[in-house]
2 protein chains.
Amino acid sequence: MSSIKDVAKAANVSTATVSRVLAKHPHVRPALRERVLAAVAQLEYRPNLIARNLRSQQSKTLGLIVSDIRNPFFTAVSRAVEDTAYAHGYNLLLCNTDENPEKELLYLQLMGAEQVAGVIFSPTLQTLNRWHELHLSFPTVLIDRSLRSGDVDAVLLDNLSAGSLLAQHLLSQGYRRIGAIFGEASTTGRERQRGFEAALHDAGLSIQPEYVRFVRPQSEAGYHTTLELLGLPEPPQVIFTSNSLLTAGALQAIREQGLHIPAQIGLVGFDDTAWASLVQPAITVLAQPTDEIGRSATELLLQRVADPQRPTRKIILQGELIVRESSVEQRGRT
Amino acid sequence: MSSIKDVAKAANVSTATVSRVLAKHPHVRPALRERVLAAVAQLEYRPNLIARNLRSQQSKTLGLIVSDIRNPFFTAVSRAVEDTAYAHGYNLLLCNTDENPEKELLYLQLMGAEQVAGVIFSPTLQTLNRWHELHLSFPTVLIDRSLRSGDVDAVLLDNLSAGSLLAQHLLSQGYRRIGAIFGEASTTGRERQRGFEAALHDAGLSIQPEYVRFVRPQSEAGYHTTLELLGLPEPPQVIFTSNSLLTAGALQAIREQGLHIPAQIGLVGFDDTAWASLVQPAITVLAQPTDEIGRSATELLLQRVADPQRPTRKIILQGELIVRESSVEQRGRT
DNA sequence: ATGAAAGCGCTAACAT
DNA sequence: ATGTTAGCGCTTTCAT
């Protein structure tokens, strides 16, 4: 690998001049510029970004720390973040935490050590609670989860409204006994649950605790919890799930019990995954604008990188209710 | 951010000693070690990896360049790569190329500039064809695609067998007019097609070119191509797709045409995605061992990092045919 | 066993 | 407009 010195030697100039040419500084004589460029081409010179970063104390890398890349929501967001970062000349350091606070801390440290320009992060509740103790050396934009009060940039869904909207839809369809499964590790599940409860409350319904569960936001938990719900003396008429992994697990459980959707049981969830419209009946979902979330988060982060003094902002996006066949009106049911 | 100098000063030792303690060198007096460790803790010192990398000319970062992170195959592989890398103390620089050779080259350059320890890459045919011109400065493991002859480490599916296996299953089910949609940008699609053709040939069937298509390996293409196939004067009895995005598109097209699977048309594909077993009827697939692919690729890469002289290896994994309802026997059909 | 010092490749302040 | 040089934070000879 040839270095800037080799180029300087080949072009018979100083390394400073090479650096200037590469950085497109204005005051370089065309003749020299040509010589440098020729040498660069001839030697196939590529600047060593490590050295550049060390010297300039900043990198063109963004960190993205998500809890599970297999969750289609994060997959979609990651893709949007990557695209946006790329468009701005940034790259992506991707980390997976499995909702594990220790891994979160470790990766956060890593980001600091790698001198990333900034980080996009979906934290667990635990890490969020000790956020102020962390003293991170880089700007952060939270996605999917945040503290109401937290003084951090964030791009979030209006989870309260989203939970309400989905619950209201269920109520409007005549459902009364609603089983609900929420993710336990994050603020998001809690907020969606609050929206859900608010909707029931507004409709004059009381909350039956045995119908409301908080579990690990993964397929297996969705499956087992749905079986439990279905096994209740008076099983719910519909299952409300707060993320798509839970929805998948619930669907599997319902199928295995030989129950027909929507005739015997309804099912709704979050995130308009590829399969939500592919299964039959298609699943009613509260779709999140994943592209917009990823794009906004990246742009927000880049703006903060450019201006660290800028006041904290939270971007709240609205979800969209997509009504499909899995939650059609149930007449004449108890 | 405190540096190694600050620590040295606080512990009243030289930076060399701090470095030795951190690197767990054997010959440091316990007393000094304690002082250093105390200073590290007190100052919350974190080594600057950029500086470390510059000095040691190597990093603990692995590059992963995939064509589309939204493809569940790559999502699953990425997850496995991340896990394995993490277990070995490495991080992941993730890039998305959209099957775009220019982006591939750009990202490959970036990897060099970022001094990654190595790269796992799923290249397009075009980049593969000029692989030897690239003169990469880091070791690479190819996944999903490769040249038969190429002198590069790779972890691949036995695509020929996989294509055959899936086609043979179709033949054994009595299907004779088989529409097939393959990805065009990679070697993988071609190989699966060769396996497919071999199976038909072995069964004494001739290949009907209008039934065999090569398209962009994405959902939209699967959708439109399936519509075309379905619109043929004598439409196929079953659709064979060579990746899960194509399968999803095909399924959508079939549904929109109001055709019943498997009574009116069959459907099979690759990759056992979350939804393949969730849709009804469940889809027969040739499942790839995504976890094993990601793990093997990472370990192969790490071994090569450790020993650059080691002879090139290709790890060929077998797919598994999972027969479900979407391809059941068709009796009495023409 | 420990410290002094060189140097990884680059940028930028300073000098000319 | 261009060159000289210091130094980013670290590791690793080379002395002692």
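Residue numbers begin at 1 in each chain, while the letters A, B, ... track the order of the sequences. As the structure is a computational prediction, the values presented were derived from the model and not from experiment.
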Whole-Å distance separating the CD atom of A:Gln58 from the P atom of D:dG9: 14 Å
Quick one: do A:Arg79 and A:Glu82 satisfy salt bridge (charged side-chain N to carboxylate O under 4.0 Å, His left out)? Show the steps, please. CA-CA 5 Å; A:Arg79 176 56 203 267; A:Glu82 213 272 349; 5.3 Å; no
Hey, is the side chain of A:Gln57 poking within less than 4.0 Å of OP1 or OP2 on D:dG9, counting only N and O atoms? yes
Could you tell me the separation between the CG atom of A:Asn53 and the C1' atom of D:dG7, rounded to a whole number of Å? 16 Å
B:Ser59 to B:Ala117 - nearest heavy-atom pair and separation: O-CB, 3.4 Å
Looking at B:Arg55, does any N or O in its side chain come under 4.0 Å of the phosphate oxygens OP1/OP2 on D:dG9? no
Between B:Leu54 and A:Ala23, the residue closer to the 5' end of DNA chain C by nearest nucleotide is B:Leu54
Throw together a table of side-chain donor-acceptor distances under 3.5 angstrom for residues 49-58 of chain A, partners on residues two or more places apart or in other chains.
| residue | atom | partner | partner atom | Å |
| --- | --- | --- | --- | --- |
| A:Asn53 | ND2 | A:Leu49 | O | 3.2 |
| A:Ser56 | OG | A:Arg52 | O | 2.6 |
| A:Gln57 | OE1 | A:Gln115 | NE2 | 3.4 |

Taking A:Pro289 as the fixed residue, which of A:Val77, A:Val155, A:Leu157 is the one that meets the side-chain contact (heavy atoms from CB on, under 4.5 Å) rule? A:Leu157
So, B:Ser67 versus B:Glu99: side-chain donor-acceptor pair below 3.5 Å or not? yes
N/O-N/O pairs, protein side and nucleotides 2-5 of chain D side, under 3.5 Å:
| residue | atom | partner | partner atom | Å |
| --- | --- | --- | --- | --- |
| D:dT2 | OP1 | A:Arg29 | NE | 3.3 |
| D:dT2 | OP1 | A:Arg29 | NH1 | 2.7 |
| D:dT2 | OP2 | A:Arg29 | N | 2.5 |
| D:dG3 | OP2 | A:Ser14 | N | 3.0 |
| D:dG3 | OP2 | A:Ser14 | OG | 3.2 |
| D:dG3 | OP2 | A:Thr17 | OG1 | 2.6 |
| D:dG3 | N7 | A:Arg20 | NH1 | 3.3 |
| D:dG3 | O6 | A:Arg20 | NH2 | 2.5 |

Check every strand shown and say whether B:Ser3 touches a base, only sugar-phosphate, or nothing at a heavy-atom separation below 4.0 Å. sugar-phosphate
Check side-chain contact (heavy atoms from CB on, under 4.5 Å) between A:Arg310 and all other residues, then give those that pass, not counting sequence neighbours. A:Gln303, A:Arg304, A:Asp307, A:Arg313
For B:Val40 and B:Leu22 the tightest heavy-atom approach is CG2-CD1, 4.2 Å
Separation of D:dG9 C1' from B:Lys9 NZ (nearest whole Å): 14 Å
B:His25 atom NE2 is separated from D:dT12 atom P, nearest whole Å, by 6 Å
Round to a whole Å and report the spacing from CZ of B:Arg52 to C1' of D:dT12. 13 Å
Between P of D:dC10 and CD1 of B:Ile50, the distance in whole Å: 11 Å
Residues in side-chain contact (heavy atoms from CB on, under 4.5 Å) contact with A:Lys5, at least two apart in sequence or another chain: A:Ser3, A:Thr15
In chain order, what residues pass the side-chain contact (heavy atoms from CB on, under 4.5 Å) check against A:Asp151, with sequence neighbours excluded? A:Thr312
Students should find this one: the first and last nucleotides of DNA chain C, 5' to 3', lying under 4.0 Å from a heavy atom of chain B. What are they? C:dA1 to C:dG9
